[in-house]
Amino acid sequence: MKKFLSVLSILTLMMTTSAFAAPEAQKIAVVDIQRVVAASSQVKSLKASQEAKNKELTAFIKKAQEDVNKQTDAAKKKSLAESYEKQLATKREANLKDYTAKLKAADANITSQIGKKATEMGYTMVLPKSSVVWGGEDITETILKVIK
């Protein structure tokens, strides 16, 4: 019985000692995500593409309005207007799907590049600068050089 209590005491001591062992050191970085996204050539290209598509839609709407206004027959006018509305809805939906897919790809690319560079620099965690009140090393400038 004494032997059992001794072994139990030793095991308890070992378990409590390991619970108080020093945690592994974390090296935390912060990044200004808004600046990184704004500086990304991929995002700039996406914005330019979206602006061009918006201009195309505006031109399409203007042409559709002109065509509808030229019609004198009420039934044809209504039919033409409905046709243009369907075409416009289809174009908008296609633009939205394309934009969403490209935005998702840009986000994944930026996140991947941040993670890769942070790992190379020895960081164990990267947080958005906007969500950190204090602490962490700001590596935004380094990431900006990688993203461009």
Side-chain angles (χ1 to χ4, degrees), residues 4-71 77-148:
F4 175 72
L5 288 175
S6 296
V7 170
L8 185 61
S9 298
I10 291 172
L11 285 174
T12 305
L13 182 61
M14 288 174 57
M15 289 172 59
T16 54
T17 305
S18 66
F20 292 108
E24 191 176 313
Q26 297 284 320
K27 190 172 177 189
I28 300 172
V30 294
V31 175
D32 186 341
I33 300 296
Q34 290 176 334
R35 279 186 60 204
V36 171
V37 169
S40 167
S41 59
Q42 194 174 9
V43 172
K44 287 178 183 177
S45 172
L46 180 58
K47 283 182 180 180
S49 171
Q50 200 60 21
E51 286 176 13
K53 288 180 181 181
N54 286 340
K55 285 181 182 181
E56 288 176 18
L57 282 179
T58 302
F60 175 79
I61 292 169
K62 186 176 179 180
K63 180 187 176 303
Q65 288 173 338
E66 290 172 359
D67 288 350
V68 169
N69 289 337
K70 286 179 185 176
Q71 285 294 328
K77 194 174 208 175
K78 183 179 177 182
S79 175
L80 188 59
E82 289 173 355
S83 172
Y84 276 125
E85 285 176 17
K86 286 180 184 177
Q87 290 177 40
L88 180 61
T90 302
K91 287 177 186 256
R92 282 185 175 160
E93 186 177 328
N95 285 351
L96 181 61
K97 282 183 181 179
D98 183 52
Y99 178 76
T100 303
K102 288 179 180 178
L103 189 60
K104 193 174 184 179
D107 178 52
N109 183 37
I110 290 169
T111 302
S112 171
Q113 288 184 33
I114 290 172
K116 183 179 176 185
K117 188 63 179 177
T119 301
E120 286 175 11
M121 296 172 71
Y123 291 98
T124 55
M125 186 181 302
V126 179
L127 300 170
K129 189 174 182 178
S130 62
S131 65
V132 175
V133 176
W134 179 82
E137 286 186 52
D138 189 347
I139 60 169
T140 303
E141 295 302 322
T142 304
I143 298 301
L144 286 172
K145 292 174 187 171
V146 173
I147 295 296
K148 290 182 180 184

Option among Glu85, Lys77, Lys78 that satisfies the side chain to side chain contact (heavy atoms under 4.5 Å, CB included) test with Val68 |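 It is Lys77; the other options fail the test.
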With respect to Ile114, which candidate in Val146, Thr140, Ile143 satisfies the side chain to side chain contact (heavy atoms under 4.5 Å, CB included) definition?
->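 For Ile114, the side chain to side chain contact (heavy atoms under 4.5 Å, CB included) check succeeds only for Ile143.
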Quick one: is the NZ or CZ of Lys91 closer than 6.0 Å to the six-membered ring centre of Phe60, and within 45° of its axis?
->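 Because its charged atom sits under 6.0 Å from the ring centre and within 45° of the axis, Lys91 does stack over Phe60.
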Judged by atom type as modelled, is there a donor-acceptor pair below 3.5 Å linking the side chain of [X] to the main-chain atoms of [Y]?
| X | Y | value |
| --- | --- | --- |
| Thr100 | Leu96 | yes |
| Thr90 | Lys86 | yes |
| Lys27 | Met121 | yes |
| Thr58 | Asn54 | yes |
| Ser49 | Ser45 | no |

Residue pair [X] / [Y], side-chain heavy-atom distance below 4.5 Å:
| X | Y | value |
| --- | --- | --- |
| Asp32 | Leu144 | no |
| Val43 | Ile110 | yes |
| Asp67 | Lys63 | yes |
| Asp98 | Lys53 | yes |

May I ask you to decide whether Glu93 forms a salt bridge with Lys97, counting only side-chain N to carboxylate O separations under 4.0 Å?
->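 Lys97 and Glu93: salt-bridged.
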Is the closest basic N to carboxylate O distance between Glu120 and Lys117 below 4.0 Å?
->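 Judged by the 4.0 Å cut-off on N to carboxylate O distance, Glu120 and Lys117 do form a salt bridge.
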Measuring from atom [atom1] of [X] to atom [atom2] of [Y], what distance do you get when rounded to the nearest 0.5 angstrom?
| X | Y | atom1 | atom2 | answer |
| --- | --- | --- | --- | --- |
| Leu88 | Ile61 | CG | CD1 | 4.5 Å |
| Ile139 | Ile28 | CD1 | CD1 | 12.0 Å |
| Asn95 | Gln50 | CG | CD | 6.0 Å |

Do you know the tightest heavy-atom contact between Val30 and Gly135?
->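 Where Val30 meets Gly135 most closely, the heavy atoms are CG1-O, 3.9 Å.
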Closest non-hydrogen atom pair between Ala118 and Val126, with its separation |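 So the minimum-distance heavy-atom pair works out to CB-CG2, 3.4 Å.
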Kindly check if the number of other-residue, nucleotide or ligand heavy atoms within 6.0 Å of CD (Gln34) is above 12?
->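 Open: at most 12 neighbouring heavy atoms sit under 6.0 Å from CD of Gln34.
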